[in-house]
Novice: 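Dropping the structure in here first, questions after.
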Amino acid sequence: MALLSQAALEEIERIARRYHEPRAAMLPALWVAQREYGGWIPRDALEAVASALNQPSVEVEGVATFYTMFNLRPRGRHHIEVCTCLTCGTQGAYDVLHRLSEHLGVAEGETTSDGEFTLCEAECLNWCSQPVVIQIGDRYHTGLDPESAVSLVESLRGVDRQRPQDLAAAIVGVHQPAHLSPGDGAPGGRS
Amino acid sequence: MSQASMVNIRINGTPLQVPMGEKVIESARRIGVDIPFFCYHPRLSAEAGANCRMCLVEAGFVGADGSVRMMPKPQTSCSLPASEGLVIETETPLVVEARRGVLELLLINHPLDCPICDRGGECPLQNNTLHYGPRTSRFVEEKRHFPKAHPLSEHVVFDRERCIHCARCTRFTSDISGDSQLGFLKRGADMEVNTFGASAYESRFSGNVIELCPVGALLSRDYRFRGRPWDLLTQESICTRCSNGCNIKIDHRAGRLVRVSARLNEAVNEEWTCDRGKFGMGYVNAGNRALRPLLRGEEGLREARWEEAMEEVARRLREADGAAAGVGGASLPNEDLYVWQRLWREAVGSRHLDHRMGPRFEPVAEDPIAWLAHHSMGMSIADLERARAILVIGSDLVDEQPIVFLRVRKAWRTCGTRVVELRPAASGSDAGSGHVRDFAALSARYRPGSEAALVRGILAAMGEEALLGSSASDALRTAMQGWTPERAAEECDLAGETIRAAARLLAPDGLAVIAGRELTHQAHAPQALAVLDDLLAITASAGNLAVPVGEVNAQGAMDLGILPDIGPAYTKLDRSGNSAQRILEAAGRGEVPVLWLMGVDLLNAFHDRALADRALRRCPFVVYAGHFLDETAARAHVVLPLQTSVERDGSFTSCERRVQRFQRAFQVSPEVRPGWLVCGDLAARLGVPMRYATARDIQTEIARTVPIYAECTPAALGDHGVRWALPSDSGPAAGASERPAGRAEA
Amino acid sequence: MAERLLLLEHRNVDGIDQIDTYEMRGGYEGLRRAVGMDRQAVIDEVKASGLRGRGGAGFPAWIKWNSIPKDRSRPHYVICNADEGEPGTFKDRELMVRLPHMVVEGIAIAAYATQAERAYIYIRGEFVEAALSIRRAVDEAYERGYIGRAVLGRADFCFDLFVHMGAGSYECGEESALMSSLMGERGQPRLKFPHAPLPVIEGLWGAPTLINNVETYACVPHILRNGGAWYATMGTKGSTGTKIMSVSGHVARPGNYEVEMGTPLLDLLDLAGGVTGGALKAVIPGGSSVPILPADRCAGVNLDFESCQAAGTMLGSGGCMVFHDRTDIVALMRRTAQFYAHESCGKCAPCREGTRWILQVLDRITAGGGRNSDIDLLSSICDQIDGRSYCALGDAAAWPIRASIKHYRHEYEHWIAHGRSPVGDAFVPPVPRRNPRAHTLSRA
Ligand SMILES: Cc1cc2nc3c(=O)[nH]c(=O)nc-3n(C[C@H](O)[C@H](O)[C@H](O)COP(=O)(O)O)c2cc1C
Ligand code: SF4
Ligand code: FES
């Protein structure tokens with residue numbers, strides 16, 4: 001299955017070496033897939049991950065559908081996730097969500113027809129000291145109110161930054177073995 | 001279980017000793033304390049279980065000072081291991097309340113459509129609700145909705161709304177069948193059982209999930225809406241769809257088989273069935289059943305009375321004067337075969353009898369025990385669990401021997417047995433998951449026909465790498481016959497390292513070998529099997545060769561002498577008759593006056609269809625005794641309709657030499673007779689009366705006259721059968737006790 | 001009382017996230033001291049400190065450390081729980097972003113003490129900034145020889161430290177679910193046995209595993225540098241040291257405040273600039289999972305494990321959420337219930353079904369369809385989950401609801417009787433317009 005590039009497969013293989021069992025590279029591998037496929041993971045890519053890690057496909061799908069950050073359907077260029085949990089929720093998050101919904105002309109969970117934005121409600125993003133908090137791709141934006149949220153979103157229109165694939169790429173980057181860490185060779189530390 | 005690992009626990013005030021680590025839910029059963037459950041299943045992994053919380057109990061420990069400290073939270077007894085001083089209470093107000101709470105929560109999103117649910121009447125959810133549940137519902141919100149009756153596989157339909165997420169089905173596919181087809185998707189209250197991408201559930205064992213599901217979520221497409229369980233009659237039986245001998249239950253109603261479920265037999269199928277068996281027994285009510293005797297007249301086959309047909313057959317047999325020949329029998333019960341061979345040898349006076357369909361027809365009589373070792377299982381199915389390593393050669397095992405496959409997989413999963421799979425390149429397709437190769441430590445494809453070289457190469461590698469004890473070295477040098485791993489590799493079209501790796505996995509001892517059709521159907525099979533014998537001898541595992549037969553009673557046919565040169569119990573005959581190959585060749589030349597086909601669709605079963613066709617064309621009188629009006633029956637001169645195992649009593653001998661009996665479930669037509677009755681009747685007509693009133697009479701006589709079946713009396717057969725043992729029969733277990741030849745084990 | 005800055009002392013120092021600056025401020029001295037000591041002596045030092053876990057349960061750290069087998073017949077693992085997902089908590093994120101080396105140093109000391117060959121930091125997927133900061137620190141620490149082969153010249157101390165990221169699941173903060181997730185499975189909890197409830201013998205891949213929270217590890221360098229006895233002089237007898245409290249909600253200066261254990265709760269509110277927008281109505285002192293504390297019960301409550309417990313709540317993870325008097329408690333609980341229903345992993349029946357049912361009932365009440373029986377129903381559902389679920393998420397979903405009924409029953413009754421908020425509808429967040437087809441609880 002040539003659904004993940006050779007480079008991506010090698011990347012997964014390198015990451016897998018840091019664990020006692022390659023299966024542990026499941027989440028990183030799904031991040032690789034999400035990066036490769038422009039911010040979401042099509043069915044074929046799930047199968048590619050399954051074959052790369054030698055796991056049953058249904059297990060991979062089970063994992064991918066368990067975690068909220070894996071997108072099994074395409075998202076807009078920007079995935080706007082508004083924290084509405086307790087402190088944000090009592091300090092204006094719902095106003096922000098409504099304003100954005102109105103401004104973009106979509107309901108929560110929907111993507112604008114031009115494919116630019118997907119608007120979602122998020123559970124606690126744990127930056128409660130600076131409400132309202134919005135995550136867009138690999139960035140948190142804090143201290144927002146309805147108007148600043150609209151200008152934030154507008155400032156990103158058409159801009160190829162803070163996209164779902166940028167988030168995935170950043171996360172994959174954190175997993176990548178550095179040349180310094182012996183972890184990509186034999187298991188280290190046996191004394 | 002040694003005394004040392006027993007612990008003292010207390011359940012509801014009753015002290016008892018149980019093995020350390022036993023699950024409390026099991027311990028409670030020992031003293032008749034019932035703990036309700038859904039997800040618990042002793043054969044499924046505990047890790048993914050303990051999720052339904054139905055089995056909660058209060059637990060505590062006796063302290064050093066004798067006082068009991070109860071744990072603050074109730075514990076799931078299905079996962080709680082027994083340990084010294086454990087104190088369990090199963091009927092406290094907290095436990096009663098917890099069960100009611102769990103049931104209420106399980107029911108809020110359950111559709112409660114019991115009136116139209118197949119599971120109704122035998123549903124653990126219904127039963128537990130009756131005993132432990134709330135009386136009314138407080139749930140006024142909207143229930144979870146899913147499309148009803150989603151077809152999951154060819155055989156299984158899924159009602160997702162009824163699912164209680166117990167993970168029995170998903171664990172079955174990952175733990176037992178190994179095809180990992182079902183899994184949980186999503187999470188929380190949205191969590192659902194599904195296949196990957198909602199594709200079809202493809203498995204050879206899908207039917208088991210129907211029985212495992214504690215609610216009516218997974219149902220049989222065949223059985224759906226066909227009956228209420230309380231209207232069904234149940235008969236214990238044996239599956240006839242292969243030679244593994246699964247114990248089954250047949251549910252029937254008004255002369256029709258309604259469904260098949262597994263019957264527990266730890267030594268054979270445990271509690272599983274394969275789909276071929278579970279959904280393949282419908283043939284008993286098939287439209288092409290032979291229901292009346294037929295005789296060939298001017299206009300072709302016409303219905304006849306038994307008397308007329310039997311008289312005609314008797315007349316022809318008399319005229320044939322010993323030149324008549326019989327072929328087939330591997331699908332019929334022992335009682336039929338025993339009486340048939342008596343008819344043949346004593347009344348008809350013919351030596352020509354053979355159940356084999358080819359392509360191999362080697363003589364048996366020279367050394368019957370050696371021959372049998374290459375045509376049967378040297379160890380029992382359950383013994384496979386005790387092997388340290390298993391070599392599966394020339395077989396798509398899951399397809400050929402489904403229950404043996406499950407046991408090999410179990411050995412790998414629970415006993416850490418190493419499994420090596422070697423198959424000829426370009427052998428049949430084995431696409432999809434759930435094959436030996438999925439868990440084999442090594443799986444390779446060799447050049448067809450190179451088995452002997454391959455095994456010699458493995459032996460050579462064992463020698464080179466000194467993988468065996470020194471005592472093996474002389475025998476090893478002889479067996480290597482100058483081969484090296486590299487030379488073998490070239491011959492087999494494999495890498496030398498593959499052969500060495502196989503050697504490392506299979507050495508040093510405790511080996512079992514299972515050889516399948518891809519090997520045994522080859523002309524060179526005897527030589528290849530002989531080399532496998534060497535391998536087993538050198539790894540201190542002599543006798544652990546399994547060559548399981550294919551058809552349901554092929555083993556019984558061998559044991560009871562449906563062969564040209566031996567009689568029952570492998571006794572050598574004074575003069576040999578012709579093999580099936582010879583018989584048909586002779587018939588094709590018009591030299592066989594009567595050809596009796598015993599329960600076999602010769603045209604489709606014999607390895608050489610053209611020869612079968614010629615034989616049928618040239619033989620002046622073909623008797624077809626069997627179940628179906630198949631292609632061969634249509635060419636016969638007389639058709640004698642025989643009862644299937646569902647319609648009568650009898651016994652089969654499975655591939656591991658286990659004799660198991662079955663009993664009549666229902667009648668399809670009064671005009672259909674058991675084979676032994678037909679054969680006995682003919683013998684009497686030929687002047688050799690045989691006084692059998694029931695199948696039991698014959699079983700008793702077999703036990704008396706056939707030494708290897710000496711212990712297979714009707715009483716001893718019981719529910720789980722008796723396995724008769726070979727001299728070499730010690731199983732792969734190191735140091736297992738030897739049993740004398742011809743003795744049986746229960 | 002003022003802040004007592006120990007962990008956060010240098011949080012505003014420029015470049016403290018880099019190894020040079022960190023070393024200049026005494027960084028990695030704790031590790032140096034540790035590797036100069038016998039392993040057991042390190043554990044004894046932690047024991048002397050009285051350090052209790054900062055991840056929520058307050059379990060004594062040394063017991064876990066000491067329970068890791070002393071032999072090395074199997075590999076040992078150390079995990080840092082950086083999944084910080086408890087609503088109201090944001091201390092681990094700040095520690096990782098600003099003071100990553102302190103976390104890394106603490107993990108290294110733990111790896112030394114428990115003879116671990118590999119350590120993993122499991123960071124929640126959303127925390128990219130924190131993860132990048134930690135990753136940089138890890139690389140720097142490798143370069144300086146604080147991680148890797150023969151750390152600080154001790155040939156018998158080799159270990160690797162890897163960053164592993166989650167992908168959106170609160171349940172993965174539960175330690176056994178975290179291990180499932182780290183092993184590449186669905187983030188569902190694993191079996192625990194009453195006689196071995198900790199993963200110290202069988203954890204990751206069945207091997208002995210030590211797991212602690214980010215803040216717990218961050219305390220360790222200080223303990224090793226200054227001594228356990230010194231550390232134990234801070235705080236109370238049962239709860240030693242300092243605690244970082246994440247203060248949010250209706251206060252003038254929300255943020256992380258490090259105080260000595262035992263500091264009065266009301267002092268913390270003062271530190272955060274006091275309540276804004278109205279009078280104090282309630283405090284949830286330890287993250288969304290702990291019982292709510294009405295204003296009139298806040299006096300006398302101190303920020304330590306014992307005092308919080310005595311007051312009927314818990315110190316939890318230190319996510320202190322403050323609400324003024326125009327907060328609608330029922331609506332707040334509806335949002336809390338949404339969180340738990342969304343985050344329930346689905347493995348066990350009580351939590352999977354119960355959390356959703358609670359949400360459905362609260363949805364109905366706040367939509368004006370409440371029934372008189374609903375309050376008892378909610379309490380009863382909470383009873384059916386609490387203590388009976390597979391892991392503590394179920395308990396955490398039940399406690400807040402139950403406490404809110406206990407303290408604010410009249411607000412529920414008002415909603416049920418009038419179909420409106422007792423504090424005025426203006427303060428009830430409108431539920432957003434949702435696309436029913438696009439929306440399921442878990443948004444695949
Ligand atoms: C549902 C749930 C979520 C949890 N989330 C976290 C978390 O995000 N971070 C954390 O450190 N501990 C969390 N815990 C607690 C951990 O299970 C565990 O007690 C902790 O990591 C132990 O570390 P400590 O002893 O240092 O506190 C959670 C527990 C539960 C039941
Ligand atoms: S379908 Fe049946 S067996 Fe499978 S999880 Fe649901 S209730 Fe259990
Ligand atoms: S039977 Fe024990 S939890 Fe289901």
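Quantities reported herein were computed from a predicted structural model and do not represent experimental measurements. Just so it is clear: chains get the letters A, B, ... in the order the sequence lines come, proteins before strands, and each one is counted from 1.
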Novice: Looking at Leu106(B) and Ala349(C), what are the two nearest heavy atoms and their distance?
Specialist: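 So the minimum-distance heavy-atom pair works out to CD2-CB, 3.5 Å.
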Novice: What I'd like to find out is whether the side chain of Gln188(C) reaches to under 4.5 Å of the side chain of Asn51(B), using heavy atoms alone.
Specialist: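 With C-beta onward as the side chain, the pair stays apart.
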Novice: Can any side-chain N or O of Glu47(B) pair as donor or acceptor with the backbone N or O of Leu191(C) at less than 3.5 Å?
Specialist: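 A pair under 3.5 Å: yes.
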Novice: Does a salt bridge link Arg356(C) with Glu141(B), judged by any charged N lying under 4.0 Å from a carboxylate O?
Specialist: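 No.
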Novice: Is the shortest side-chain heavy-atom distance between Ser380(C) and Arg138(B) below 4.5 Å?
Specialist: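 They are in contact (side-chain heavy atoms under 4.5 Å apart), so the answer is yes.
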Novice: When you look at CZ of Arg160(B), are more than 12 heavy atoms from neighbouring residues, nucleotides or ligands closer to it than 6.0 Å?
Specialist: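 Result for CZ/Arg160(B): enclosed.
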Novice: Is a donor on one side and an acceptor on the other found under 3.5 Å between the side chain of Arg186(C) and the backbone of Phe184(B)?
Specialist: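 Yes, the answer is positive, given that a donor and an acceptor are paired below the 3.5 Å cut-off.
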Novice: Side chain of Gln360(C), backbone of Glu142(B): donor and acceptor closer than 3.5 Å?
Specialist: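 The answer is yes, because a donor-acceptor pair under 3.5 Å joins these two groups.
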Novice: Is any side-chain heavy atom of Arg352(C) closer than 4.5 Å to a side-chain heavy atom of Asn109(B)?
Specialist: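 Contact flag for Arg352(C)/Asn109(B) side chains = no.
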Novice: Within the side chain of Arg53(B), is there an N or O that forms a donor-acceptor pair under 3.5 Å with the backbone of Ser389(C)?
Specialist: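 Such a contact is found between Arg53(B) side chain and Ser389(C) backbone.
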Novice: Under 4.5 Å, counting heavy-atom pairs only, tell me which of Ser373(C), Gly369(C), Cys348(C) racks up the most with chain B.
Specialist: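 The residue among Ser373(C), Gly369(C), Cys348(C) with the greatest pair count is Cys348(C).
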Novice: What's the separation between atom OG in Ser79(B) and atom OH in Tyr390(C), rounded to the nearest 0.5 Å?
Specialist: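 Output value for this atom pair is 6.5 Å.
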Novice: Does Gln309(C) CD have over 12 foreign heavy atoms under 6.0 Å away?
Specialist: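 No, because the 6.0 Å sphere around CD of Gln309(C) holds 12 heavy atoms or fewer from other groups.
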Novice: With a 4.5 Å heavy-atom cut-off, do Trp357(C) and Glu104(B) have their side chains touching?
Specialist: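 Yes, close enough: below the 4.5 Å cut-off.
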Novice: With a 4.5 angstrom heavy-atom cut-off, could you sort out which part of Ala59(B) is near chain C: side chain, backbone, both or neither?
Specialist: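 Neither part.
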Novice: Output, in order, the C-alpha distance, side-chain angles, deciding distance and verdict of side chain to side chain contact (heavy atoms under 4.5 Å, CB included) for Val140(B) and Arg364(C).
Specialist: CA-CA 10 Å; Val140(B) 297; Arg364(C) 183 160 50 71; 3.7 Å; yes
Novice: Tell me which one of Ile108(B), Val102(B), Leu107(B) satisfies side chain to side chain contact (heavy atoms under 4.5 Å, CB included) with Glu353(C).
Specialist: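 The single option meeting the side chain to side chain contact (heavy atoms under 4.5 Å, CB included) with Glu353(C) is Ile108(B).
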Novice: Check each atom of Leu86(B) against the heavy atoms of chain C and say whether the ones under 4.5 Å are side chain, backbone, both or neither.
Specialist: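 Leu86(B) has no heavy atom closer than 4.5 Å to chain C.
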Novice: Rounded to the nearest 0.5 Å, how far apart are NZ of Lys347(C) and SG of Cys39(B)?
Specialist: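 The distance works out to 9.5 Å.
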Novice: Any sub-3.5 Å donor-acceptor pair from Arg187(B)'s side-chain atoms to His342(C)'s backbone N or O?
Specialist: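 It does hold such a pair.
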Novice: What I'd like to find out is whether the side chain of Gln384(C) reaches to under 4.5 Å of the side chain of Leu103(B), using heavy atoms alone.
Specialist: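 With C-beta onward as the side chain, the pair stays apart.
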Novice: Charged N to carboxylate O under 4.0 angstrom, Asp386(C) versus Lys73(B)?
Specialist: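 No, Asp386(C) and Lys73(B) are not salt-bridged.
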Novice: So do the side chains of Arg388(C) and Arg99(B) get within less than 4.5 Å of each other, counting heavy atoms only?
Specialist: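 A side-chain contact is absent here, since even the closest heavy-atom pair is not under 4.5 Å.
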